[in-house]
K.L.:
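Have a look at the structure that comes next, please.
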Amino acid sequence: MKIYLNGQLVDKEKATVSVFDHGLLYGDGVFEGIRAYNGRVFKLVEHIDRLFNSARAILLEISLTKQQIQEAVLETLRVNQLQDAYIRLVVTRGSGDLGLDPRHCTKPTIFIITDKITLYPVEFYRDGLSVITSSVKRNISEALSPAIKSLNYLNNVLAKIEAIRQNAPEAIMLNREGYVAECTGDNIFLFKDNVLITPPTWAGALEGITRNVVMDLTNRKLKLEVREEIFTPYHLYIADEVFLTGTAAEVIPVTKIDGRIIKDGKPGKETLKLMKAFGELTRMTGVPIRRK
Ligand code: PXG
């Protein structure tokens with residue numbers, strides 16, 4: 001397996017970064033998780049746009065253009081002969097010294113890992129997930145905006161550990177005010193009376209690429225109303241349907257939260273329609289890996 005590292009395709013064993021890299025020392029960097037389906041990279045342009053927005057938000061200048069990053073992603077997939085893949089694109093502040101001052105980091109570290117995808121077990125999609133609400137709050141915007149996909153994922157990791165210790169695959173994270181923000185690596189949605197509701201990004205949710213696709217599919221395909229509104233765990237408990245979205249999970253139903261069964265305990269019918277529509281879209285669209 002070859003890894004893209006600072007302009008070169010190197011063997012996995014040789015793909016190493018310095019212990020002085022500020023990505024490691026301070027979590028000073030940004031990343032994206034992207035998927036390729038059937039020879040095409042899904043929403044690649046949107047992922048690269050978000051990477052550049054995250055970088056801009058932390059005043060990190062990426063030394064490549066968007067076009068060059070896109071080509072690097074495609075080339076990495078080509079050398080690894082991958083048609084279906086999980087792609088991790090990372091940009092750090094680069095190697096510096098043992099101080100926070102980013103001026104000592106003269107060039108960013110850029111790497112791209114492309115690997116086979118490990119999917120959630122099929123039962124999760126068939127029966128729905130049982131998730132918990134974490135006691136760990138989502139980062140507050142005044143400290144570190146949750147809209148930035150930065151390498152600081154410690155609060156999410158802590159929430160994930162809390163979930164795992166309770167035998168749950170995901171945890172719901174609330175914001176400081178107690179409103180639902182999102183999950184550790186997924187956005188959250190509910191259906192109530194045929195209206196789709198998800199927290200606005202300003203309430204502490206990442207602007208998920210899958211989230212945007214699902215909102216659009218609900219409008220156009222399901223012809224149902226979509227609202228970005230703040231809500232509390234109560235609104236999840238009494239919802240008709242709950243589901244999560246993310247690049248890794250795609251669209252996945254939630255049938256139990258904090259030990260409470262949602263509606264009849266089965267994946268909801270609108271959720272099932274969205275899972276199908278999303279599946280079709282991933283198979284049909286995306287940037288071709290192969291050179292034209
Ligand atoms: N919220 C957070 C906090 C995320 O990290 C999403 C929502 C979903 O966004 P997308 O654009 O993927 O629809 C994410 C996704 C993984 C993994 O391997 C995923 C993410 C981060 C780290 C790991 O499941 N990000």
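Remember, it's 1-based here, ligands and their atoms both numbered in the order they're listed. The basis for the numbers below is simple: all heavy atoms, side chains too, and nothing from hydrogens, waters or symmetry mates.
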K.L.:
List the residues meeting ring-ring contact (aromatic ring centres under 6.0 Å, His included) with His22, not counting sequence neighbours, and say none if there are none.
P.N.:
Tyr26
K.L.:
Applying ring-ring contact (aromatic ring centres under 6.0 Å, His included), name anything that partners Tyr237, two or more places apart in sequence or on another chain.
P.N.:
none
K.L.:
List the residues meeting ring-ring contact (aromatic ring centres under 6.0 Å, His included) with Tyr4, not counting sequence neighbours, and say none if there are none.
P.N.:
none
K.L.:
Indicate the ring-plane relationship of Phe191 and Phe243, choosing parallel, tilted or perpendicular according to the 30° and 60° boundaries.
P.N.:
tilted
K.L.:
Between Lys263 and Glu241, is the closest basic N to carboxylate O distance under 4.0 Å?
P.N.:
no
K.L.:
Every pair of nitrogen or oxygen atoms between ligand 1 and the protein that is under 3.5 angstrom apart - can you list them with their distances to 0.1 Å?
P.N.:
from     : atom 1 : to     : atom 2 : distance (Å)
ligand 1 : 1 (N)  : Glu182 : OE1    : 2.5
ligand 1 : 5 (O)  : Lys149 : NZ     : 3.2
ligand 1 : 5 (O)  : Tyr153 : OH     : 2.5
ligand 1 : 11 (O) : Arg50  : NH1    : 2.9
ligand 1 : 11 (O) : Arg50  : NH2    : 3.0
ligand 1 : 11 (O) : Ile209 : N      : 2.8
ligand 1 : 12 (O) : Thr247 : N      : 2.9
ligand 1 : 12 (O) : Thr247 : OG1    : 2.5
ligand 1 : 13 (O) : Ile209 : N      : 3.3
ligand 1 : 13 (O) : Thr210 : N      : 3.0
ligand 1 : 13 (O) : Thr210 : OG1    : 2.6
ligand 1 : 18 (O) : Tyr86  : OH     : 3.1
ligand 1 : 25 (N) : Lys149 : NZ     : 2.5

K.L.:
Does the pair Glu46/Arg50 count as a salt bridge with the N-to-O cut at 4.0 Å?
P.N.:
no
